[in-house]
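What follows is a short report on a single structure.
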Amino acid sequence: MTTPDSTHRAVLLTVDDDPGVSRAVARDLRRRYGERYRVVRAESGESGLDALRQMKLRGDLVAVVLADYRMPQMNGIEFLEQAMDVYPGARRILLTAYADTGAAIDAINVVDLDHYLLKPWDPPEEKLYPVVDDLLESWLSSDHRPVPETKVVGHRWSARSSGVREFLARNQIPYRWYLSDQAEGRRLLDAAGHDGLRLPLVIAPGGEVLVEPSDQDLAAQVGLATTPAEEFYDLVVIGAGPAGLGAAVYGASEGLNTVLVERTATGGQAGQSARIENYLGFPDGVSGAQLTDRARRQASRFGAELLTACEVTALEVNGPTRTVRFADGTAVSAQSVILTTGVAYRMLDVPGIAELTGRGVYYGSALTEAAGCLDQDIYIVGGANSAGQAAVYLSRGAKSVTLLVRGQSLEASMSHYLIQQIAAIPTITVRTGTVVEAAHGEDHLEALTLRDTATGGTDMVDAQRLFVFIGAAPRTDWLEGVVRRDAHGFVVTGPDLAADGERPAGWEPDRPPYHLETSVPGVFAAGDVRSESAKRVASAVGEGAMAVMLVHRYLEGL
Ligand SMILES: Cc1cc2nc3c(=O)[nH]c(=O)nc-3n(C[C@H](O)[C@H](O)[C@H](O)COP(=O)(O)OP(=O)(O)OC[C@H]3O[C@@H](n4cnc5c(N)ncnc54)[C@H](O)[C@@H]3O)c2cc1C
């Protein structure tokens, strides 16, 4: 039922139980308004309401509703009353016979009727069109915009609502966010037939409804691939940050049958950056989202397969075959693997934080949560560039931003250009020598206890949002016993594997490991996950490209 046409033209809905009359109204309406409006016809109040609910979920606009007064089961006034709950802005016309004029006049009060029309309305040029013209004019003068994109109805302080929004935002799926306790949110819940006890509700552009969806459900719904098309590839790249995207672009463009597997969303850490100022070729900076979008399109254009919401949980080595196992138990095999799983935010380990995560406490979700920070006093923990970027970004809408830094100054941990930007923004305060000691709140974050590291003194501040950027660590436990890692979990590669002059245990080739090769031949690592890597976008992309060159060398030697 959804066509580009149907989503762009507002609807004129006519409801009449007499098929002859119903067709005649629709015909007259189409004749004059058919080019600009979509005329929809229903033959009972119930089916009219069903149609309205479907249109609501799809984000269609409804301009005018015409209903016959005398209908069995549900009369026109009852219908218009319920229609008003779904589309309060639609103009309402009641069609009545002369004998029912009294009822029509009463309806003006009951359903705030805009007009009643006596049947028959011939000639329409005199009796129907002038009325509809007037109502359309007044409808058009109020603010109406279709909402054809995905809609998310949720609770302000629900961790899963926050997770769903972040997943959609990071995958660059446009969506509109509705609070479940506000009028339009409630209307959408009613239209979907849900009481709001289980949230969030995600309504796809076609009107399909998902309740508390997992990332995989969401990915499938919005058309992101989640399962590999083939069983065997030349190259599996694990992690779609800059290093993985770089590897996928070079792998696919150089003729390797390549699949890129990502747990959450393409872009990795870089995708969460509001502005990357120092990436070569972008003198005015580039947002992480833009860079990611371009890289993803580039990888797809060269034929790389991209899987989203697909977490890798094991790597198995069987002779020359490398098998990558996913969280759902399925697997894919390849001749070679590039590990580009980067790092993930380190958790803040103080009382109250775990319970309030997603309910006012966020890890790196500054972009998604920015709209909720308007006119609020917000706190950011961290003294590195990611914290600084978030402070600058959030200061645009927040009343105040307080940056909590453990060290005694920012100089040691943040780039000079960011320190200067922060100093120039009056609403940002930097509190050095300060740590969060505890977070408080019932349903959501309400206050923080802060401690001065020099004096040990504490104070309690009101806070509704805290963003945590306290460094990152690799999550590579799943490689335990397969690939050698350093004491911090970073993957050891190339010359570092043979630092003591020995080759890695079990190493079979009669050559030393290539520069980015791990302790398993044919398995490479690039970007932040690699031990001693530079932790920069440019170096991650460069290593991704270099790893592909080494994959070719490895495959030639097989
Ligand atoms: C807010 C912020 C701002 C930054 N700004 C800059 C900047 O201005 N300039 C700069 O040079 N650098 C910047 N950085 C650093 C830069 O983003 C990183 O160095 C870069 O993203 C590293 O790329 P990567 O591909 O190695 O790893 P990541 O970007 O960490 O990507 C790794 C990907 O692997 C996925 N993954 C992890 N485990 C699995 C698994 N088991 N299965 C499937 N997928 C998995 C993750 O979900 C992630 O998408 C910034 C970082 C942050 C957080």
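Ligands are counted one by one from 1 in listed order, and the atoms in each one are counted from 1 as well. Numbers here are sequence positions counted from 1.
Considering only non-hydrogen protein atoms, atom 6 (C) of ligand 1 sits nearest to Gln389 NE2, 4.2 Å. Scanning all protein heavy atoms for the shortest distance to atom 9 (N) of ligand 1 gives Asn278 OD1, 2.9 Å. Of all protein heavy atoms, the one closest to atom 40 (C) of ligand 1 is Val312 N, 3.8 Å. The protein non-hydrogen atom at the shortest distance from atom 53 (C) of ligand 1 is Tyr345 OH, 3.1 Å. Looking only at protein heavy atoms, the nearest one to atom 26 (O) of ligand 1 is Asp528 N, 2.8 Å. The protein heavy atom nearest to atom 30 (O) of ligand 1 is Gln269 NE2, 2.7 Å. Scanning the protein heavy atoms around atom 35 (C) of ligand 1, the nearest turns out to be Glu262 OE1, 3.2 Å. Closest to atom 43 (C) of ligand 1 among all protein heavy atoms lies Arg263 N, 3.3 Å.
At least one heavy atom of Trp478 lies less than 4.0 angstrom from ligand 1. At least one heavy atom of Thr340 sits under 4.0 Å from some atom of ligand 1. Under a 4.0 angstrom heavy-atom cut-off, Gly271 registers as lying outside contact with ligand 1.
The side chain to side chain donor-acceptor pair (under 3.5 Å) search around Thr308 returns none, not counting sequence neighbours. Under the ring pair (Phe, Tyr, Trp, His ring centres under 6.0 Å) criterion, His444 pairs with Trp157, not counting sequence neighbours.
With respect to the salt-bridge test (charged N to carboxylate O, under 4.0 angstrom), the residues Arg503 and Asp510 do not qualify. One finds a salt bridge joining Asp377 and Lys399 here, because a Lys/Arg side-chain nitrogen approaches an Asp/Glu carboxylate oxygen to under 4.0 Å. Using a cut-off of 4.0 Å between Lys/Arg side-chain N and Asp/Glu carboxylate O, Asp477 and Arg485 are scored as salt-bridged.
Near Gly527, meaning under 4.0 Å from any of its heavy atoms, are these atoms of ligand 1: 26 (O). Near Ala265, the atoms of ligand 1 lying under 4.0 angstrom from a non-hydrogen atom of the residue are 49 (O). Atoms of ligand 1 lying under 4.0 Å from at least one heavy atom of Lys535, given by number and element, are 19 (O). Heavy-atom proximity to Val343, at under 4.0 Å, picks out these atoms of ligand 1: 30 (O).
In the candidate list Ala472, Gly382, Pro242, Gly268, Pro242 is nearest to atom 24 (P) of ligand 1, counting heavy atoms. The nearest non-hydrogen atom to atom 52 (C) of ligand 1, considering only Gly241, Gly246, Ser386, comes from Ser386. The closest non-hydrogen atom to atom 11 (O) of ligand 1, taken over Val541, Leu418, Val537, Leu307, comes from Val537. When Gly239, Ser273, Gly342 are checked for heavy-atom proximity to atom 27 (O) of ligand 1, Gly342 turns out nearest.
The proximity of Ala243 to ligand 1, defined as any non-hydrogen pair under 4.0 Å, involves the side chain as well as the backbone. Neither the backbone nor the side chain of Ser539 has a heavy atom within less than 4.0 Å of ligand 1.
The nearest protein heavy atom to atom 50 (C) of ligand 1 is not closer than 4.0 Å.
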**Request:** Might you work through the ring pair (Phe, Tyr, Trp, His ring centres under 6.0 Å) test for Tyr379 and Phe467, ending with a clear yes or no?
**Result:** CA-CA 6 Å; Tyr379 288 80; Phe467 294 90; over 10 Å; no
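Looking only at atom types and distance, the side chain of Tyr554 has no donor-acceptor partner in the side chain of Gln335 under 3.5 Å away.
Under a 3.5 Å cut-off, the side chain of Thr340 and the backbone N or O of Ile238 do form a donor-acceptor pair. Under the 3.5 Å distance criterion, the side-chain polar atoms of Thr434 are matched with a main-chain donor or acceptor of Thr432. For the pair Glu517 (side chain) and Phe524 (backbone), a donor-acceptor distance under 3.5 Å is absent.
Taking 4.5 Å as the limit, some side-chain heavy atom of Thr258 sits within range of a side-chain heavy atom of Val237. Side-chain atoms of Thr150 and Leu168, non-hydrogen and from C-beta on, do get closer than 4.5 Å to each other. Two residues are said to be in side-chain contact when any heavy atoms from C-beta on lie closer than 4.5 Å; Arg553 and Leu555 fail this criterion.
A cation-pi arrangement is present between Arg511 and Tyr514, with the terminal nitrogen or guanidinium carbon under 6.0 Å from the aromatic centre and inside a 45° cone about the axis.
Residue Val529 has no nitrogen or oxygen atom sitting less than 3.5 Å from a nitrogen or oxygen atom of ligand 1, judged on distance alone.
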